[in-house]
Amino acid sequence: MEIHEHIIDLPKKVYVGNGILGKLKDYLFQLNVVDPVLVISGPNVRKIIVNEIMKGLNEMNSLELIEVTDSSIDEVNKVEEKMKKFSPRFILGIGGGKTIDVAKYVAYRLNVNFISIPTAPSHDGITSPFASIKGLGKPVSVKAKMPYAIIADIDVLSAAPRRLINAGIGDTIGKLVAVRDWKLASKLTGEYYGDYTASLALLSAKHALNCTKIIHRDLKYSVRLLTEALISSGVAMGMAGSTRPASGSEHLFAHAVDLLQPNLAMHGELVGIGTIIMAYIHGIRWKDIRNALNKIGSPTTAKELGIPNEVIIRALTIAHTIRPERYTILGDRGLTWGSAEKVARDTGVID
Ligand SMILES: NC(=O)C1=CN([C@@H]2O[C@H](COP(=O)(O)OP(=O)(O)OC[C@H]3O[C@@H](n4cnc5c(N)ncnc54)[C@H](OP(=O)(O)O)[C@@H]3O)[C@@H](O)[C@H]2O)C=CC1
Ligand SMILES: O=C(CO)COP(=O)(O)O
Ligand SMILES: [Zn+2]
């Protein structure tokens, strides 16, 4: 008899709290982290946060820091080159989504434990066992290492620029559409639909929507809520063994814009706009989503992001080609130029 197994890898420990990075040394001890340890970080985060963290770890005999500037395969190769000489037992990824993606992808390829230390609540890659790496030939995420532990310091995360916090809200609200797409696919194509992981992703989206109502009066509480939502959305991906619960047509749109005009906008901002458009096509409450994003000052129009109307329309027409194996509301044939222009205008994304 053939055995079908589904193996779920989960983090060993998740630390969340205010000012907890000051206890990093204790946590690493609790987690049995032994050196050599490699810290991966980006240039901004290094200056703002990591240099201080490194001082706190100066008792380690073997500790190295490497800076990465984007989540490309070239940066992955650069880190791997360094690892040949250094052979770390643990990797700490400290930063935004791109840094964490490089760290978890390197950790996966070389089978080294990886600890995720987010400095911005801008994405749900904090916990997911997937990484978006540019230069692998596709704009969507690939398999990577599930973090061994997560250390989320709410003081640090809530001090991140507001744009990054808003992007995390956009990335999470996207699950409202992603789960709809998944359900639709299960009806039309017979694809397995995981009720539990879908519910977990939806719960994250609901909490992110709640954040939009309270962030003006209680930033720290909202960031804590958002961080927990990002973590559990990542867990949903880990449990599903795919990004399906967290990425549908709204992400396809975001990936398409990024392909056409790289680095113009943050991932979560594009997902937020994609969510408005795809919610409109699904016939769900797209105006509520747009109002929620407007309320926090997150962009809801192409103009706010400096993206030409033609790029939005073109992205909508090619989005269905990005991951053809994952059925969404865009169907197999996608949108025509005319229908793409109409939905973008009807939702106010272009004028
Ligand atoms: N693997 C997955 O499942 C997922 C992956 N992603 C991916 O994550 C990426 C998006 O991540 P995102 O975080 O939005 O973008 P970036 O990682 O590009 O971070 C944006 C900027 O914010 C800076 N930054 C981070 N923390 C702070 C802070 N506390 N204070 C000041 N600046 C800070 C970074 O600095 P520095 O230059 O130092 O890095 C960087 O310049 C995309 O590539 C996306 O595809 C998104 C969702 C899920
Ligand atoms: O960004 C993601 C989830 O928020 C990952 O999605 P993709 O698998 O589409 O890259
Ligand atoms: Zn995302």
Side-chain angles (χ1 to χ4, degrees), residues 21 40-51 67-72 75 93-105 108 116-134 136 138-147 153-175 177-178 181 201 204-205 208 223 229-231 233-238 240 242-256 258-259 262-263 265-272 274-275 319 322-323 325-326 328:
L21 267 181
I40 301 180
S41 176
N44 294 315
V45 170
R46 179 180 184 174
K47 273 189 235 122
I48 305 170
I49 300 155
V50 176
N51 286 341
E67 202 175 282
V68 293
T69 49
D70 61 34
S71 50
S72 65
E75 291 295 81
I94 310 180
K98 290 186 178 165
T99 298
I100 287 181
D101 274 353
V102 170
K104 74 163 85 137
Y105 191 59
Y108 174 71
S116 171
I117 308 184
T119 59
S122 46
H123 62 99
D124 60 356
I126 295 170
T127 343
S128 79
F130 298 95
S132 302
I133 303 295
K134 295 216 161 65
L136 291 179
K138 49 180 180 173
V140 296
S141 61
V142 293
K143 185 89 190 76
K145 188 100 170 167
M146 175 53 98
D153 187 326
I154 302 301
D155 285 348
V156 169
L157 293 162
S158 48
R162 188 58 188 274
R163 190 173 173 193
L164 292 177
I165 300 172
N166 287 348
I169 293 177
D171 198 22
T172 314
I173 286 178
K175 313 322 168 200
V177 164
D181 280 330
S204 292
V223 167
L230 294 167
I231 291 173
S233 171
V235 168
M237 292 187 247
S242 109
T243 60
R244 189 44 141 152
S247 171
S249 50
E250 76 301 328
H251 268 73
L252 294 180
F253 166 77
H255 296 321
D258 213 33
L259 263 183
N263 303 324
M266 307 212 54
H267 171 79
E269 291 173 337
L270 293 175
V271 171
T275 306
I322 284 181
R323 188 185 250 145
E325 69 284 8
R326 187 176 289 184
T328 72

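Note that ligands are numbered from 1 as they come in the structure, with each ligand's atoms numbered from 1 the same way.
In this structure, Thr99 and Thr119 have side chains that are not in contact, with every pair of non-hydrogen atoms separated by 4.5 Å or more. Proximity of Ser247 to Met237: side-chain heavy atoms (C-beta onward) are nowhere separated by under 4.5 Å.
Residue-ligand proximity, Thr243 to ligand 2, at heavy-atom distances under 4.0 Å covers atoms 7 (P), 8 (O). Residue His267 approaches ligand 2 through these ligand atoms, each under 4.0 Å from one of its heavy atoms: 1 (O). Near His255, meaning under 4.0 Å from one of its heavy atoms, ligand 2 places the atoms 7 (P), 9 (O), 10 (O). Each of the following atoms of ligand 1 lies closer than 4.0 Å to a heavy atom of Ser122: 12 (P), 13 (O), 14 (O). Atoms of ligand 2 found under 4.0 Å from any heavy atom of Arg323, numbered from 1 in the order shown, are 7 (P), 8 (O), 9 (O). Atoms of ligand 2 lying under 4.0 Å from any heavy atom of Asp171, numbered from 1 in the order shown and given with element: 4 (O).
Here the heavy atom of the protein found nearest to atom 37 (O) of ligand 1 is Asn44 ND2, 3.2 Å. When hydrogens are left out, the protein atom nearest atom 48 (C) of ligand 1 is Asp124 OD1, 3.1 Å; that is the closest non-hydrogen contact. Nearest protein heavy-atom contact of atom 4 (O) of ligand 2 is Asp124 OD1, 2.6 Å. For atom 20 (C) of ligand 1, the nearest non-hydrogen atom of the protein is Leu164 CD2, 3.8 Å.
Only the side chain of Lys175 comes within contact range of ligand 2, with a heavy atom under 4.0 Å; no backbone atom does. The part of His267 lying near ligand 1 is the side chain, judged by heavy-atom distances below 4.0 Å. Contacts between Ser141 and ligand 2 below 4.0 angstrom, taking non-hydrogen atoms only, involve backbone and side chain alike. Proximity of Asp101 to ligand 1, defined as any heavy-atom pair under 4.0 Å, is confined to the side chain (atoms from C-beta onward). Proximity of Asp171 to ligand 1, defined as any heavy-atom pair under 4.0 Å, is confined to the side chain (atoms from C-beta onward). Contacts between Pro161 and ligand 1, counted as non-hydrogen atom pairs separated by less than 4.0 Å, involve the side chain only. Both the backbone and the side chain of Pro43 come within 4.0 Å of ligand 1, judged by heavy-atom distances.
A donor-acceptor contact closer than 3.5 angstrom links the side chains of Ser233 and Asp124. A side-chain donor from one of Thr243 and Arg326 sits under 3.5 Å from a side-chain acceptor of the other.
Taking each heavy atom of Ala240 and Pro245 in turn, the nearest pair found is CB-CG, 3.6 Å. Considering every non-hydrogen atom in both Phe253 and Gly274, the closest pair reads CD2-CA, 3.4 Å. When every heavy atom of His251 is checked against every heavy atom of Asp171, the shortest pair comes out as NE2-OD1, 3.0 Å.
Note on Asp171: counted as a metal contact of the Zn ion (ligand 3), an N/O/S atom lying under 2.8 Å.
Residue Gly42 places at least one N or O, backbone or side chain, under 3.5 Å from an N or O of ligand 1.
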